[in-house]
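Some notes on the structure that comes next.
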Amino acid sequence: LGHLRNIFLGASVAEILRAVGHKVVRTQVINDRGIHICKSMLAWEKFSPVNARGERETPANTGLKGDKLVGKYYVEFDRALQIEAKAIMAQWQSGNFSDTPTSIEEAVLNFEKAKEGKDEKAIAALDDKIKELAKNQTAILREAKEMLVKWEARDPQVYLLWTTMNGWVYAGFDQTYAQMGVSFDKLYYESDTFLLGKDQVMEGIKSGVFYQKPDGSVWIDLTADGLDEKLVLRSDGTAVYMTQDIGTAIDRFKDFPDLHGMVYTVGNEQDYHFKVLFLILQKLGYAWANNCFHLSYGMVDLPSGKMKSREGTVVDADDLMAEVIEKAKEMTQERGHLEGLDNDAREQLYTQIGLGGLKYYLLKVDPKKRMLFNPEESIDLTGNTGPFLQYAHARISTLLEKAAYVPTPLSLTAPMRPEEKEIIKQLALFGTTLEEAAKGYSPALLANYSYELVKLYNTFYQSVKIVIEPDAAVRQFRLSLSATVRQVLAQALGLLGVEAPQRM
RNA sequence: GGUCCCGUAGCUCAGCUGGAUAGAGCAACUGCCUUCUAAGCAGUAGGCCACAGGUUCGAAUCCUGUCGGGAUCACCA
């Protein structure tokens with residue numbers, strides 16, 4: 001869900017910035033490198049069943065989406081890790097500390113002592129610490145780490161496996177993005193950019209921005225800036241998230257030299273990370289670092305509480321989209337204004353309504369705020385929802401069609417009813433709303449604007465005759481007012497990534 | 001514990017660069033389709049804007065404190 005908010009938000013903000021005249025390049029960093037990939041690879045090698053033809057599981061022979069298959073083995077890895085860690089902890093409990101550093105032995109003894117003391121907080125803290133220590137003692141995690149080192153050294157075998165499994169993931173992602181209706185101008189792969197990041201770190205050591213500890217790890221001291229010391233390279237020489245992000249940022253400015261700045265659409269749990277990243281880039285001497293902005297959006301909660309991937313309480317993007325489209329189909333068939341539409345057009349409409357509703361639901365809330373995702377409300381059609389706006393658009397469309405409307409400029413001097421004046425006022429606000437949305441990186445402003453506009457229009461629509469208005473001048477005025485509303489609405493919806501159907 | 005974010009109707013959210021009776025939607029209840037799509041419209045009910053101070057002619061909005069919720073402080077990403 002967080003991922004959906006991220007994608008839709010990023011896509012919408014890009015469109016909004018374009019609409020106010022900025023040149024926008026939309027990029028995405030593909031997280032194709034790191035210990036997490038190695039975990040999946042290792043688990044797949046270890047646990048994937050072999051079929052009669054001697055093949056391990058693949059998207060082709062299981063029918064699973066590639067990213068799902070790889071994700072499955074990430075979970076498998078974690079399960080195996082837990083089991084091994086538990087066994088190790090059991091050993092420690094029984095007093096067996098062979099092959100264990102004395103520091104761990106001490107920690108366990110402290111833990112036992114704390115339990116006698118009944119200090120809940122201390123017990124919990126030590127418990128976490130011991131679990132962490134146990135995990136680090138497992139053979140399987142060690143293997144994964146070794147794999148990462150091999151990967152960074154371009155070990156052919158590891159690299160082949162990595163290429164294969166990554167291919168599966170990308171294929172899965174492509175499918176999902178296509179369904180979402182979003183695309184990127186350029187993708188950056190961590191596997192390409194982390195090396196540049198490492199180079200930067202090396203140079204940064206020379207220039208004194210970073211320093212190396214005796215164990216070989218590289219750090220930056222940000223205590224003078226009110227932050228902490230931050231690791232930028234592990235003691236085994238491998239890159240961390242930050243290393244890669246440094247490289248990616250620089251890479252992008254190399255690719256697009258006239259770039260003014262960058263907007264990072266990333267969840268607010270990474271506020272600290274970006275504070276540090278921008279500071280590092282400044283210290284490395286990149287002037288554009290001052291024009292980097294972290295568009296930090298709030299988490300998406302479920303009514304049932306926090307989502308945890310390990311507990312299976314996450315909402316899967318593909319499933320959710322399918323569900324929302326299915327629901328749109330049911331509701332649309334119930335209402336039925338579909339005469340004359342062929343099957344393809346109908347299916348397309350269900351998708352437009354379902355996804356439009358989902359996008360609008362996620363975008364109508366101020367990005368900065370955390371929001372609650374209520375699965376039932378996300379597919380609502382009434383009130384402040386995507387389908388409500390789409391419906392207004394469709395209704396005006398058929399109205400204009402019936403009237404055989406010929407576009408004429410909207411006369412602002414014509415005698416007007418109060419409802420009509422209100423609409424004109426709201427229409428006049430579009431420009432400033434768009435500017436504010438761009439300035440504040442907030443599609444929510446456009447969403448709320450559109451909703452207001454449609455409410456005003458609906459009031460008008462219900463209270464007057466339009467097509468059947470006998471007075472030709474009045475009729476023409478109302479038609480061109482309707483056409484203007486439709487045009488603005490279509491533009492606003494477009495900026496939100498919500499499609500505006502001609503009928504529904 | 002340090003840092004950051006949040007607290008507005010039963011629920012989800014607007015409003016927050018100070019301005020008059022604080023707005024929507026959902027849920028509940030009333031009405032309105034032999035006029036253009038009722039996925040709509042009109043209406044009723046529902047609020048000490050977390051709490052306490054302060055600034056101001058004026059505070060939901062700005063400041064301080066308290067309480068409550070969340071995030072973060074990894075050789076994870």
Side-chain angles (χ1 to χ4, degrees), chain A residues 29 31 33-37 39 121 132 135-136 145 148 190 213 215-219 226-245 266-273 275-276 296-299 301 303 306 328 331-332 334-339 353 357 361 364-366 368-374 376-378 380-403 419 436 440 444-445 447-449 451-452 454-455 457-470 475 478-479 482 501 503-504:
Chain A
V29 178
N31 211 217
R33 176 211 74 87
I35 190 77
H36 63 287
I37 301 284
K39 286 178 180 176
K121 257 194 172 169
E132 199 59 41
K135 278 185 194 171
N136 281 327
K145 285 178 178 169
L148 180 62
E190 258 196 46
K213 286 193 178 175
D215 64 1
S217 59
V218 180
W219 299 72
L227 304 173
D228 299 314
E229 294 187 354
K230 191 82 188 170
L231 177 95
V232 291
L233 212 57
R234 292 193 187 98
S235 54
D236 63 7
T238 57
V240 288
Y241 184 49
M242 187 63 77
T243 327
Q244 161 282 132
D245 249 351
V266 184
N268 64 8
E269 68 272 18
Q270 294 193 32
D271 285 355
Y272 185 72
H273 173 80
K275 225 186 215 175
V276 172
S296 159
Y297 61 87
M299 300 190 65
D301 293 320
K306 254 202 99 162
M331 308 295 256
T332 306
E334 247 173 57
R335 280 156 233 254
H337 303 291
L338 299 172
E339 325 69 56
I353 296 171
Y361 183 83
K364 73 176 173 184
V365 180
D366 183 343
K368 290 193 290 289
K369 294 196 178 177
R370 60 191 299 218
M371 64 175 289
L372 189 89
F373 184 89
N374 186 327
E376 281 144 40
E377 284 175 15
S378 69
D380 267 354
L381 316 155
T382 60
N384 189 1
T385 63
F388 173 85
L389 303 183
Q390 291 174 316
Y391 181 71
H393 183 272
R395 202 158 60 166
I396 298 173
S397 297
T398 49
L399 186 84
L400 295 175
E401 201 178 313
K402 272 189 186 154
E419 299 96 321
E436 277 167 31
L445 296 178
N448 289 320
Y449 169 87
Y451 178 58
E452 286 303 319
V454 165
K455 271 203 299 183
Y457 182 79
N458 282 345
T459 299
F460 158 77
Y461 179 91
Q462 300 276 349
S463 58
V464 302
K465 293 172 180 168
I466 302 172
V467 178
I468 51 178
E469 165 63 40
R475 179 174 183 270
R478 288 179 185 165
L479 284 172
S482 300
R503 52 184 296 184
M504 65 188 275

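Chain letters run A, B, ... following the sequence lines, proteins first, then strands; residues in each count from 1. The shown structure was predicted, so the numbers you read here are calculated from the model rather than taken from an experiment.
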Here the distance between atom P of B/C33 and atom NZ of A/K465, to the nearest Å, is 15 Å

Between CG of A/L400 and P of B/C36 the distance, given in whole Å, is 16 Å

Over all strands shown, is A/T332 touching base, sugar-phosphate only, or nothing at heavy-atom distances under 4.0 angstrom? base

Original post:
Distance check: side-chain N/O of A/K230 vs OP1/OP2 of B/C73, anything under 4.0 Å?
Top reply: no

Looking only at B/C41, B/A14, B/U72, the nucleotide nearest the A/E269 side chain is B/U72

#### Entry: P-based separation of B/G69 from B/U12 [nearest Å]
16 Å

Margin query: Between B/A39 and B/G47, how far apart are the two C1' atoms, rounded to whole Å?
Written below: 30 Å

### Message
When the P atoms of B/U30 and B/A14 are compared, how many Å lie between them, rounded to an integer?
### Response
31 Å

Comparing A/Q270 with A/I468, nearest RNA chain B nucleotide closer to 5' gives the residue A/I468

Practice problem: Would you sort out whether A/L372 and A/E377 count as a side chain to side chain contact (heavy atoms under 4.5 Å, CB included), showing the intermediate values? | Solution: CA-CA 10 Å; A/L372 189 89; A/E377 284 175 15; over 6 Å; no

B/U56 and B/G43: how far apart are their C1' atoms, nearest whole angstrom? 39 Å

Separation of B/G70 atom P from A/K368 atom NZ, nearest Å, is 22 Å

In whole angstroms, the gap separating P of B/C26 from CG of A/L372 amounts to 17 Å

| Should the pair A/R370-A/D301 be classified as a salt bridge under the 4.0 Å nitrogen-to-oxygen rule? | yes

Considering only heavy side-chain atoms of A/I466, the closest of B/C13, B/A14, B/C36 is B/C36

Under a 3.5 Å limit on both distances, the Watson-Crick or wobble mate of B/C51 is B/G65

(message) Students often get this wrong, so: under 4.0 angstrom with heavy atoms, is A/L233 touching a base, only sugar-phosphate, or nothing?
(response) nothing

With a sphere of 6.0 Å drawn around NZ of A/K213, does it hold more than 12 non-hydrogen atoms of other residues, nucleotides or ligands?
yes

message: Does A/I35 reach a base, just sugar-phosphate, or nothing at all? Heavy atoms under 4.0 Å.
response: sugar-phosphate

>> For a quick check of understanding: with a heavy-atom distance under 4.0 Å over all strands, which category does A/H337 fall into, base, sugar-phosphate or nothing?
In response: base

Rounded to whole Å, NZ of A/K455 lies from P of B/A24 at a distance of 6 Å

Given B/C76, is OP1 or OP2 found less than 4.0 Å from the side-chain N or O atoms of A/R234?
yes

Working note: A/Y391 + A/V454, criterion side chain to side chain contact (heavy atoms under 4.5 Å, CB included); need CA distance, chi angles, decisive distance, verdict.
CA-CA 10 Å; A/Y391 181 71; A/V454 165; over 6 Å; no

So A/M371, base contact, sugar-phosphate only, or nothing? Heavy-atom distance under 4.0 Å. sugar-phosphate

Heavy atoms only, 4.0 Å cut-off, all strands: where does A/N384 land among base, sugar-phosphate and nothing? sugar-phosphate

Between CE of A/M299 and P of B/G69 the distance, given in whole Å, is 17 Å

Expected label for B/C33 (glycosidic angle, syn inside 90° of 0, else anti) would be syn

TODO: Check step by step if side chain to side chain contact (heavy atoms under 4.5 Å, CB included) holds for A/L399 and A/V467.
DONE: CA-CA 7 Å; A/L399 186 84; A/V467 178; 3.5 Å; yes

For B/G19, the nucleotide meeting Watson-Crick or G-U wobble distances (both under 3.5 Å) is B/C57

A/Y457-A/Q462 side chain donor-acceptor pair, cut-off 3.5 Å: no

Looking only at B/G40, B/A24, B/C73, the nucleotide nearest the A/Y451 side chain is B/A24

Scan A/V464 against the nucleic acid and name what it touches under 4.0 Å (heavy atoms): base, sugar-phosphate only, or nothing.
-> base

Quick note, A/T398 side chain, CB onward, closest among B/C36, B/C73, B/U37 is B/U37

Take atom C1' in B/U35 and the same atom in B/G40, then report the distance between them in whole Å. 14 Å

Among the nucleotides B/A39, B/C26, B/C41, whichever has the atom closest to the side chain of A/R335 is B/A39

Using Watson-Crick geometry (N1-N3 plus N6-O4 or O6-N4) or G-U wobble (N1-O2, O6-N3), each under 3.5 Å, B/U35 is paired with none

Looking only at B/A77, B/A39, B/U37, the nucleotide nearest the A/A394 side chain is B/U37

Of B/A14, B/A77, B/C36, the nucleotide closest to the side chain of A/K402 is B/C36

Within 45° of the six-membered ring axis of A/W219 and under 6.0 Å from that ring's centre, is NZ or CZ of A/K230 located there? no

Take A/K145 and A/R234 through the side chain to side chain contact (heavy atoms under 4.5 Å, CB included) test and state the conclusion after the steps.
-> CA-CA 11 Å; A/K145 285 178 178 169; A/R234 292 193 187 98; over 6 Å; no

Exercise for the section: Check if the side chain of A/S235 and the base of B/C75 share a donor-acceptor pair of N or O atoms closer than 3.5 Å. Expected result: yes

Checklist line | Nearest-Å distance once atom C1' is located in both B/A60 and B/G23 | finding: 12 Å

Picking from B/C75, B/C26, B/A77, the nucleotide nearest the side-chain atoms of A/T382 would be B/C26

Quick note, A/D271 side chain, CB onward, closest among B/C4, B/C13, B/A38 is B/C4

message = Please report the distance separating the P of B/C49 from the corresponding atom of B/A22, rounded so that it comes out in whole Å.
response = 10 Å

Here the distance between atom P of B/C41 and atom CD of A/E419, to the nearest Å, is 13 Å

Nearest-nucleotide check on RNA chain B, A/E436 vs A/T459; residue mapping nearer the 5' end is A/E436

*Between B/G58 and B/G18 - C1' atom distance, rounded Å*: 8 Å

Out of B/U3, B/A77, B/C73, minimum distance to the side chain of A/Y272 belongs to B/C73

Mate of B/A28 across any strand shown (Watson-Crick or G-U wobble, both atom pairs under 3.5 Å) is B/U44

Worksheet item: Hey, are the side chains of A/Q244 and A/V29 touching, using non-hydrogen atoms and a 4.5 Å cut-off?
Response: yes

Here the distance between atom C1' of B/G69 and atom CZ of A/R370, to the nearest Å, is 7 Å

Taking a pair to mean Watson-Crick or G-U wobble geometry with both distances below 3.5 Å, B/U3 pairs with B/A71

